[in-house]
Amino acid sequence: MMKIALSSTSVRDYPNGVTPMQIAESIDTCLAKEVFSASVNGKMWDLLRPIYNDSSVRFYKWKDIEGKHTYWHSSAHLLAGALHSLYPNIRFGTGPAIENGFYYDVDLGDKFVIKDADFVFIENKMRELARKKIPICRRNITKQNALKLFKERGEIYKVELINKLENCEIVIYTQGDFIDLCLGPHLPNTSYIRSFKLTAVAGAYWNKDKKQKQLTRIYGVSFPSDKELNEYFALIDEVKKRDHRRIGKEMELFTFSSKVGQGLPLWLPKGTQLRLKLEDFLKKIQQKYNYQQVITPHIGNKMLYEISGHYAKYGENSFKPINTPEEGEEFLLRPMNCPHHCEIYKAFLRSYKELPIRLAEFGTVYRYEQSGELHGLTRVRGFTQDDAHIFCSPEQIKEEFVKVINIVHVVLHALNFNNYETQISLRNPNDKLKYIGSEENWKNAEMAILEVCQEKKIKAEIKLGEAAFYGPKLDFLIKDSLGRKWQLGTIQVDYNLPERFELEYIGNDNQKHRPVMIHRALFGSIERFVAILIEHSGGKFPLWLVPSQVVIIPVSEKYNQYAEKIAKKLYSQNIRVVVDNSNEKIGKKIRNNELRKIPYLLIVGKKEENNSKLVVSVRKHGVGNVGVVEVTNFVGDFNNELEKQIKYNSEI
RNA sequence: GCCUCUUUAGCUCAGUGUGGAAGAGCACGUGAUUUGUAAUCUCGUGGUCGUUGGUUCGAAUCCAACAAGAGGCUCCA
């Protein structure tokens, strides 16, 4: 007998070799039906895998991430099983569970291509295999046997994976004819997988390497019942309504033109108003933090980028140089603002007394992003960074870094972004050729970021290999409506560009010293920021951001729809309008300065006692109530009447 | 750039498999009605079917190229 701990208080005796499934059944038959996997002493475990030692056991159901992952991972195997029987000579790559569902990467050989239209056949085969209740069995074999097994089956990708593993026991799972190299855990059999759908097919490079073969990746989702599947797709539809491309079009914020070119956004009048408000907001905050605004040109001599190292790194894959009538004179559309700011620093002899120097610019830059990477406003070829460069002495780095972190927090909170992730991006220590600068500089820069984050108690994920080529960075990431993460704010410590541009200052020892540069952006790119702002707010921006002439406030939720309709009418008459149905007290908002600058408030839904008419009262800022429109009296004529009233009021 | 998919009215989309007079809903306009809180009903405007070329007696539909867009992959200074 062994002791199995099921919680901190419950320990039970079980015979040696008991499986989690048997334990679950002994507790409650309902539990046994709901569990998908378990963990034994913290290690993920199949339900049918025996336990031989005293252990603590936990169960995972659908509601647990671990349970979902087991379910999806086995779904990936079911998909693979179906493909295995449908496509001869198919070779399998990897097939994990992902955040929402699963995929499998396969090499179909030259003869076959999987298209969307094939999904039905594959799904049918999956359904057939699921109904057969095929056991999914775990086995341990030696590395040698594993290599032999997969070589015989022609599974070249699996062989490659096994070769990378240490010389120990290899875990494989069998499911009928289909055998996979896999650590598990898995569902006991295929019949667990009830409701599923293949969602997409895409190319994916083997080993995430562009130079290697592109495999076919098939994505799917699966659920324990149709109800959950339908709910999932309903949710996806709901989420798509928040897409910034859709809302941006509806609200007339921005557009694209194939004639202007891919990835080159055109800001419409309403979008420009919004953008200018955001820029003003940043300018004010930066002024408080003692930044100085500068303006530099959108192009620069090619030499400038050769010095910075950007040309060597990105030149070949970017917009080509612009030639002038002069022989050998070449300019580049600037892909970043740093070199320009370095030259501003260099315009004078600098003293340590001047430092830190903080130069800020809304700098428009142009980068030739791969066409397949372009995406609405989040990834474009021409965009404006809210860029700044801080030139400081090495001793000032930490203090300056902390100040930037503070300013990022202020800005994000002001715009209601309370859920963001932070990420420390360091060099990949195995691929130092990708980076410029000395070992010592990199060490200093990386240490500075790590220390500041530790001192500020910032919980940041550390990512190796994500650093910029000239320095490590701290990034602020926010998710879009589909859960994709985008980098907004970024802070980068850079010892290298000051060296390349030979930046100097005279220290109090009367000697020349090299300053350190901190690159930083709060929004990252204004385009991307607006996109994320739209998706977060669903187009309902904070009131102070909306350049509105009229704010419509329903007094209770009941009147929301009327408020929306009135708004739509006015909007179509080119009266700038916003509906505020946040249900906060109007007085409070006025006190908080949110509504101060907005000339008109329409307050909808005031009900008259006797005849139950809908009443809209018009309030002009500083004047109080200036008129009441009784809605039912103005069917058909309401808009004119309202307009008249607004005109009249504006003349007061 | 690579893989798969999409492009038809202002918007959302049918129609494409099997080639044979360009459709619906919303929006917009018009007329009726004033009632049950901006509704309901009538009629109507609106389209070189992304572009160019090919196959065909005939192409929105089949083929090719190009362009733009979507979801991935790779990339992201």
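All values derive from a computational prediction rather than experimental measurement. Convention: sequence-line order gives letters A, B, ...; per-chain numbering from 1.
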Colleague: Ignoring hydrogens and angles, write down the donor-acceptor pairs under 3.5 Å from the side chains of residues 360-367 of chain A, residues two or more places apart or on other chains.
Modeller:
residue : atom : partner : partner atom : Å
A/E361  : OE1  : A/T296  : OG1          : 2.7
A/E361  : OE1  : A/H341  : NE2          : 2.8
A/E361  : OE2  : A/T296  : N            : 2.7
A/E361  : OE2  : A/T296  : OG1          : 3.0
A/E361  : OE2  : A/R334  : NH2          : 3.4
A/T364  : OG1  : A/T384  : OG1          : 2.9
A/R367  : NE   : A/P335  : O            : 2.8
A/R367  : NH2  : A/P335  : O            : 3.0

Colleague: Strictly by salt bridge (charged side-chain N to carboxylate O under 4.0 Å, His left out), give each pair with a member in residues 468-478 of chain A just once, sequence neighbours left out.
Modeller: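 As it turns out, the salt bridge (charged side-chain N to carboxylate O under 4.0 Å, His left out) pairs with a partner in residues 468-478 of chain A, which skip direct neighbours, are A/K473-A/D475.
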
Colleague: With C1' as the reference atom in both, quote the distance from B/U61 to B/G19 in angstrom, rounded to an integer.
Modeller: 6 Å

Colleague: So does A/M517 get a backbone contact from the side chain of A/D494, meaning a donor-acceptor N/O pair under 3.5 Å?
Modeller: no

Colleague: Taking the C1' atom in each of B/G23 and B/A14, what is the distance between them to the nearest angstrom?
Modeller: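 Those two atoms are separated by 7 Å.
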
Colleague: Rounded to whole angstroms, how far apart are CD on A/Q212 and C1' on B/G1?
Modeller: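 Going from A/Q212 (CD) to B/G1 (C1'), I get 17 Å.
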
Colleague: Specify the separation, in whole Å, of atom CG of A/D237 and atom C1' of B/C13.
Modeller: 14 Å

Colleague: Which of these nucleotides, B/C11, B/C5, B/C73, is closest to any side-chain atom of A/Y219?
Modeller: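 Of all the options, the side chain of A/Y219 is nearest to B/C73.
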
Colleague: Taking the six-membered ring for Trp, are A/Y345 and A/F391 ring centroids under 6.0 Å apart?
Modeller: yes

Colleague: Could you tabulate the donor-acceptor pairs under 3.5 Å formed by side-chain atoms of residues 86-98 of chain A, not counting sequence neighbours?
Modeller:
residue : atom : partner : partner atom : Å
A/R91   : NE   : A/G154  : O            : 2.8
A/R91   : NH1  : A/N89   : O            : 3.4

Colleague: Between A/F529 and A/F523, is the gap from one ring center to the other below 6.0 Å?
Modeller: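 So the answer is yes for these two rings.
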
Colleague: Rounding to an integer number of Å, can you tell me how far A/L108 CG sits from B/C2 P?
Modeller: 19 Å

Colleague: Please write out the pairs of protein N or O atoms and N or O atoms of nucleotides 75-77 of chain B separated by less than 3.5 Å, giving the distance to one decimal.
Modeller:
residue : atom : partner : partner atom : Å
B/C75   : O2   : A/R379  : NH2          : 2.9
B/C75   : N3   : A/E373  : OE2          : 3.2
B/C75   : N3   : A/R379  : NH1          : 3.1
B/C75   : N4   : A/E373  : OE2          : 3.2
B/C76   : O4'  : A/R379  : NH2          : 3.4
B/C76   : N1   : A/R379  : NH2          : 3.4
B/C76   : O2   : A/R379  : NE           : 3.3
B/C76   : O2   : A/R379  : NH1          : 3.1
B/C76   : O2   : A/R379  : NH2          : 3.2
B/A77   : O4'  : A/Y314  : OH           : 3.4

Colleague: Indicate, with yes or no, if the rings of A/H77 and A/W72 have centres closer together than 6.0 Å.
Modeller: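 No: the rings miss the under 6.0 Å criterion.
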
Colleague: Between B/A32 and B/G50, how far is it from one C1' atom to the other, in whole Å?
Modeller: 42 Å

Colleague: For A/E316, give me all partners under salt bridge (Lys or Arg N to Asp or Glu O under 4.0 Å), at least two apart in sequence or on another chain.
Modeller: A/K320

Colleague: Roughly how many Å is it from CG in A/D107 to C1' in B/C3, rounded to a whole number?
Modeller: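 Atom CG in A/D107 sits about 13 Å away from atom C1' in B/C3.
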
Colleague: Taking atom P in both B/U48 and B/C66, what distance in whole Å separates the two?
Modeller: 26 Å

Colleague: Taking only the C1' atom of each, what is the distance from B/A27 to B/C13 in whole angstrom?
Modeller: 14 Å

Colleague: With sequence neighbours excluded, tell me which residues meet salt bridge (Lys or Arg N to Asp or Glu O under 4.0 Å) with A/E400.
Modeller: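 Partners of A/E400 by the salt bridge (Lys or Arg N to Asp or Glu O under 4.0 Å) criterion, ordered by chain and then number, come out as A/R358, A/K403.
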
Colleague: Would you classify A/V365 as touching base, sugar-phosphate or nothing, given that sugar-phosphate means primed atoms plus P, OP1 and OP2, and contacts are heavy atoms under 4.0 Å?
Modeller: nothing

Colleague: For B/A38, what is the paired nucleotide under Watson-Crick or G-U wobble rules, both distances under 3.5 Å?
Modeller: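 Pairing partner: none.
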
Colleague: Once you round it to whole Å, what is the distance between C1' of B/C11 and NZ of A/K249?
Modeller: 8 Å

Colleague: Distance between the C1' atoms of B/A21 and B/U35, in whole angstroms?
Modeller: 44 Å

Colleague: Side-chain polar contacts of residues 233-241 of chain A - donor-acceptor pairs under 3.5 angstrom, sequence neighbours left out - could you list them?
Modeller:
residue : atom : partner : partner atom : Å
A/E238  : OE1  : A/K241  : NZ           : 3.4

Colleague: Mind checking who B/C66 pairs with, Watson-Crick or G-U wobble, both distances under 3.5 Å?
Modeller: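 Pairing partner: B/G50.
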
Colleague: Report, one pair per line, the protein and nucleotides 66-71 of chain B atoms (nitrogen or oxygen only) whose separation is under 3.5 Å.
Modeller:
residue : atom : partner : partner atom : Å
B/G69   : OP2  : A/Q262  : NE2          : 2.8
B/A70   : OP1  : A/R245  : NH1          : 2.7
B/G71   : OP1  : A/R245  : NH2          : 2.9
B/G71   : OP1  : A/R484  : NH1          : 3.4
B/G71   : OP2  : A/R245  : NH1          : 3.4
B/G71   : OP2  : A/H375  : ND1          : 3.1
B/G71   : N2   : A/V201  : O            : 3.2

Colleague: My understanding is that a pair needs two contacts under 3.5 Å, Watson-Crick or G-U wobble. By that rule, which nucleotide pairs with B/U16?
Modeller: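 None - no nucleotide pairs with B/U16, as no candidate has both distances under 3.5 Å.
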
Colleague: Specify the separation, in whole Å, of atom CZ of A/R217 and atom C1' of B/C2.
Modeller: 13 Å

Colleague: For nucleotides B/U12 and B/U7, find the distance between their P atoms and express it as a whole number of Å.
Modeller: 12 Å

Colleague: What's the gap between B/U52 and B/G72 when it is taken at their P atoms, as a whole Å value?
Modeller: 33 Å

Colleague: A/K240 NZ to B/U12 C1': how many Å, rounded?
Modeller: 13 Å

Colleague: Please name the nucleotide paired to B/C73 by Watson-Crick or G-U wobble geometry with both distances under 3.5 Å, or report none.
Modeller: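 Checking every strand shown, B/C73 finds its partner in B/G1, with both distances under 3.5 Å.
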
Colleague: Checking base pairs now: Watson-Crick or wobble, both atom distances under 3.5 Å. What partners B/A9?
Modeller: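 Across any shown strand, B/A9 pairs with none.
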
Colleague: Is any side-chain N or O of A/Y205 under 3.5 Å from a base N or O of B/G1, one able to act as donor and the other as acceptor?
Modeller: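 Flag set: donor-acceptor pair detected.
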
Colleague: Return the set of residues passing salt bridge (Lys or Arg N to Asp or Glu O under 4.0 Å) with A/E231 (not counting sequence neighbours), or none when no residue passes.
Modeller: A/K227

